[in-house]
Amino acid sequence: SQTIHQWPATLVQPVGSPLSLECTVEGTSNPNLYWYRQAAGRGLQLLFYSVGIGQISSEVPQNLSASRPQDRQFILSSKKLLLSDSGFYLCAWSYTGSSNQPQHFGDGTRLSIL
Amino acid sequence: AQKVTQAQTEISVVEKEDVTLDCVYETRDTTYYLFWYKQPPSGELVFLIRRNSFDEQNEISGRYSWNFQKSTSSFNFTITASQVVDSAVYFCALSGHTGTASKLTFGTGTRLQVTL
């Protein structure tokens with residue numbers, strides 16, 4: 001069966017510090033991978049998605065970047081965090097090939113910026 | 001642009017009551033896909049159901065049922081005989097028929113509180 005791992009679960013960072021959140025998927029090959037952010041009391045906003053190694057699509061302009069160095073690894077990064085980067089970050093995967101595939105989510109990372 | 005509206009921000013019911021969560025969507029795509037997810041207090045999103053735009057048949061899974069009405073652009077979710085374990089935030093989402101990635105547009109969610 002497929003599993004998705006996300007870490008860390010919780011992170012407190014000062015403004016201006018760098019960020020690296022990691023997500024890995026097991027049990028499937030060439031998945032589509034996604035990063036979402038959920039602000040407090042809000043819905044989920046798609047930040048990035050990837051359909052293959054090195055292929056990253058950005059949905060919203062922001063202070064963040066994403067990379068996919070390996071087939072089942074997806075990394076969310078920032079060089080200098082802003083207060084507005086606080087939120088709950090969720091990684092997800094889906095089978096490739098069609099937009100009708102449901103996405104399966106990790107447990108999320110709660111990021112607080114001080 | 002796609003849009004999903006969940007007008008009910010929060011609903012409180014007593015256990016064993018039936019409850020319906022509303023979802024209204026907007027899209028220009030003729031083929032699209034609708035989803036419901038559950039987010040328990042622990043935070044992860046759990047996939048519940050997917051519905052294709054060309055299949056308006058309603059679906060029942062145990063205490064859960066979904067009513068898809070294309071004429072009113074609605075995809076409502078009913079929980080029958082609610083239980084405390086149903087307490088969570090429920091999200092409705094929409095994906096267009098474009099490309100190879102399912103880019104989901106989420107509603108803002110409905111928080112369901114089931115009490116004894």
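Letters go in sequence order (proteins before strands), and every chain restarts at 1. Note that the structure is a prediction, hence the values are computed from the model and not measured. All heavy atoms count here, side chains included; hydrogens, waters and symmetry mates do not.
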Against chain A, residues from residues 47-58 of chain B with at least one heavy atom under 4.5 Å, in numeric order, are B:Phe47, B:Arg50
Margin query: Counting only heavy atoms not in B:Lys70 (residues, nucleotides, ligands), do more than 12 fall under 6.0 Å from its NZ?
Written below: yes
Rounded to the nearest 0.5 Å, the OG1 atom of B:Thr105 sits from the CG atom of A:Leu44 at a distance of 11.0 Å
Between A:Pro102 and the options B:Tyr37, B:Trp36, B:Tyr33, the side chain to side chain contact (heavy atoms under 4.5 Å, CB included) test singles out B:Tyr37
Q: Treat each ILVMFWY residue as a node, draw an edge where side-chain heavy atoms are under 4.5 Å apart, and state whether B:Tyr32 and B:Val24 are in one component.
A: no
Applying a strict under-4.5 Å side-chain criterion to I, L, V, M, F, W and Y, I'd like to know whether A:Val51 and A:Ile75 cluster together. no
Is A:Leu83 linked to A:Leu19 within one hydrophobic cluster, defined over Ile, Leu, Val, Met, Phe, Trp and Tyr using a side-chain heavy-atom separation of less than 4.5 Å? yes
To the nearest 0.5 Å, atom CZ of B:Phe106 lies from atom CD of A:Gln103 at 6.0 Å
**Report entry** Co-membership, hydrophobic cluster, residues A:Phe105 and A:Tyr49, 4.5 Å side-chain
**Finding:** yes
In short, ring pair (Phe, Tyr, Trp, His ring centres under 6.0 Å) pairs touching residues 1-23 of chain B with sequence neighbours left out are none
Is A:Ile53 linked to A:Leu76 within one hydrophobic cluster, defined over Ile, Leu, Val, Met, Phe, Trp and Tyr using a side-chain heavy-atom separation of less than 4.5 Å? no
query: Are there more than 12 heavy atoms of other residues, nucleotides or ligands under 6.0 Å from atom CD1 of B:Ile60?
result: no
Turns out that what part of A:Gln45 lies under 4.5 Å from chain B's heavy atoms comes down to neither
Bottom line for B:Gln6: the part with an atom under 4.5 Å from chain A's heavy atoms is neither
Separation between CG (B:Leu104) and OH (A:Tyr36), nearest 0.5 Å, reads 4.0 Å
